[in-house]
Amino acid sequence: VVSNNSGCSGAAITRMKVGETFPRIAKVFPYWFNETMQTISVSIEASESVPFDQHFLIAAIAPRKAYVASAMEDSWADPYSEYLACHAASPAWELFGMDGFCAPNRLPIPDEEYTEGNLGYHLRPGTHFLSRYDWIRYIRFLKDEEEWEDLPF
């Protein structure tokens, strides 16, 4: 599974988030959400009282591989909240005896990528879009290391 700059209601944690918040996105894109979700979109307090957060969604992908990508200038998607969600979801892979998110306990810097575990992440410079830079990292993460030598990039 690949998440590219998904932000709010995607890979970014919802609580105490900067940029795009659930109440704001529910107003801008109301057709993205069912009636139940609309009832919690009335305020930040209501949306933060929900007993789950987006890292639960990422954790549900385990034991399969997942990759979250962020862009430094994508403040609405909130790269740091996406990174924190990866840390919070990592124990799901560990329940299967697998490596989850293998990253330092600090916020990432641009051009860093973490691909050692089964939950990968990178932070690239730039804005909200799907780039060649992103695609190359997704392909490398999903392919076996022995096959990397055969890639044309």
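Residue indices begin at 1 and follow the sequence shown.
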| request: Look at the side chain of Asp53 and the backbone N and O of His55, then say whether any donor-acceptor pair between them is shorter than 3.5 Å. | output: no

Practice problem: Return the orientation label for the Phe29 and Trp32 ring planes: parallel under 30°, perpendicular over 60°, tilted otherwise. | Solution: parallel

Heavy-atom closest pair (Gln54 atom, Ser9 atom, distance to 0.1 Å) is NE2-C, 3.3 Å

- Query: Going through the distances and angles, do Leu142 and Lys65 end up as a side chain to side chain contact (heavy atoms under 4.5 Å, CB included)?
  - Reply: CA-CA 8 Å; Leu142 296 172; Lys65 284 188 162 199; 4.2 Å; yes

**Request:** Using a 4.5 Å cut-off on heavy atoms from C-beta on, say whether the side chain of Phe96 contacts that of Trp93.
**Result:** no

inquiry  = If we ignore hydrogens and angles and just use 3.5 Å, is the side chain of Asn118 paired with the main-chain N or O of Asp99 as donor and acceptor?
reply    = yes

- Kindly indicate whether the side chain of Trp76, heavy atoms from C-beta on, has any atom under 4.5 Å from the side chain of Cys8. no

Where the side chain of Asn5 meets the backbone of Ala71, is there a donor-acceptor pair that is under 3.5 Å apart? yes

Notebook entry, point to check: Would you say Glu20's side chain and Ala77's backbone share a donor-acceptor pair under 3.5 angstrom?
Noted result: no

Quiz item: Between Glu112 and Tyr114, do the side chains contain an N or O donor and an N or O acceptor separated by less than 3.5 Å?
Solution: yes

Hydrophobic cluster membership, Leu107 vs Val68, 4.5 Å side-chain cutoff: yes

Taken to the nearest 0.5 Å, the spacing of Ser90 OG from Leu119 CG works out to 6.5 Å

| Taking a hydrophobic cluster as the set of Ile, Leu, Val, Met, Phe, Trp and Tyr residues connected by side-chain heavy atoms closer than 4.5 Å, whether directly or through intermediates, do Val1 and Leu57 fall within one such cluster? | no

If you define the side chain from C-beta out and look only at heavy atoms, does anything of Tyr133 sit under 4.5 Å from Asp111? yes

Please confirm whether the backbone N or O of Pro104 pairs with a side-chain atom of His87, one donor and one acceptor, at under 3.5 Å?
yes

Notebook entry, point to check: Ile25, Phe52: one ILVMFWY side-chain cluster at the under-4.5 Å cut-off?
Noted result: yes

* Asked: Is there side-chain contact between Ile58 and Phe101, with heavy atoms separated by less than 4.5 Å?
  -> no

Checklist entry - With a 4.5 Å heavy-atom cut-off, do Phe141 and Tyr121 have their side chains touching? => result no

Between the OG atom in Ser75 and the NE2 atom in His128, the distance rounded to the nearest 0.5 Å is 11.0 Å

Nearest heavy-atom contact between Ala11 and Ser6 is N-OG, 2.7 Å

Between the side chains of Asp134 and His122, does any donor sit under 3.5 Å from an acceptor?
yes

- Query: Does NZ or CZ of Arg124 lie under 6.0 Å from the centre of the six-membered ring of Phe129, at an angle within 45° of the ring axis?
  - Reply: yes

Tightest non-hydrogen contact, residues Ala69 and Glu82, listed as O-OE1, 3.5 Å

inquiry  = Is any side-chain heavy atom of Glu113 closer than 4.5 Å to one of Tyr67?
reply    = yes

* Asked: Would you say Tyr83 and Leu123 make side-chain contact, with heavy atoms under 4.5 Å?
  -> no

